[in-house]
Participant: 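This is the structure, below, for whatever I ask next.
Read the numbers this way: they start at 1 and go in the same order the structure lists the ligands and their atoms.
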Amino acid sequence: MKKVLVLEDESSIRSFVVINLKRSGYEPVEAETGEKALEELKKNPDIRVALLDVMLPDIDGFEVCRRIRASGSKIGIIMLTAKSQEMDKVTGLMTGADDYVTKPFSPAELTARIDALYRRTGGEEGEESVSGELVSGPFKLNTRNRTLEKNGVRIRLTQIEYSIMKLFMDNPGKALSREDILNSVWGRDYFGELKIVDVNIRRLRIKIEDDPTIPSYITTVWGFGYKWGF
Ligand code: CA
């Protein structure tokens, strides 16, 4: 079964999400507090995607997200935010979420986001498992175990960040539009906004650049997108 954690304190919203996930073939694991969510994740290591509400009575969704990532988990994380301003907090806090959905959301939209993340975090390695590694400057991307090293030091990436790095390293020196990145990493059926690309690039820069304020590996192509090149 494809398990999805649903962390939401409001029971009406939680049931709405749960019913729709079941309809789409997922097995929801419910939690109404952050602590409960972290417990459920420990009990269910086969959960591959988590929906985290931001506003909660105990620890908030950002903190839950931060703790999940601090544990080294690479599951897909979607934040459920009440208003658009909360996304700026996600951007600012860089807690490690892969995506966000603003309330109120439609079941179709939510399911599409989960499907996309499920595919990204999934085991559909296929032909990549034979290809080995990509090397570029100080970076070595191992496509077999989906890891990145910079000067021999492992850098922890989310699955989305890994996919972006792979796209860049497959296309050195080529300007990639934000649409190219969105289509390639999130999939063509993705409903979301281009902003999610920028959020992830910003977070990736913090992880891989010598100085994220003066990026030299992932460079901005103004009014277009990004380029891997130095
Ligand atoms: Ca809430």
Participant: On the ring face of Y118, is K2 found with NZ or CZ under 6.0 Å from the centre and within 45° of the axis?
Facilitator: yes
Participant: Side chains of Y226 and D198: is there a donor and an acceptor less than 3.5 Å apart?
Facilitator: yes
Participant: Protein N/O/S atoms under 3.0 Å of the Ca ion (ligand 1)?
Facilitator: D9 OD1, D53 OD2, M55 O
Participant: Compile the donor-acceptor pairs under 3.5 Å between side chains in residues 70-78 and protein atoms, sequence neighbours left out, one pair per line.
Facilitator:
| unit_1 | atom_1 | unit_2 | atom_2 | d |
| --- | --- | --- | --- | --- |
| S71 | OG | I68 | O | 2.6 |
| S73 | OG | I75 | N | 3.3 |

Participant: Can you tell me which residue among M165, R205, E209 is in a side chain to side chain contact (heavy atoms under 4.5 Å, CB included) with Y217?
Facilitator: E209
Participant: Nearest 0.5 Å, please: how far is CG in N183 from CG in L176?
Facilitator: 11.5 Å
Participant: Consider only side-chain N and O atoms of Y26 and D115, and report whether a donor and an acceptor are under 3.5 Å apart.
Facilitator: yes
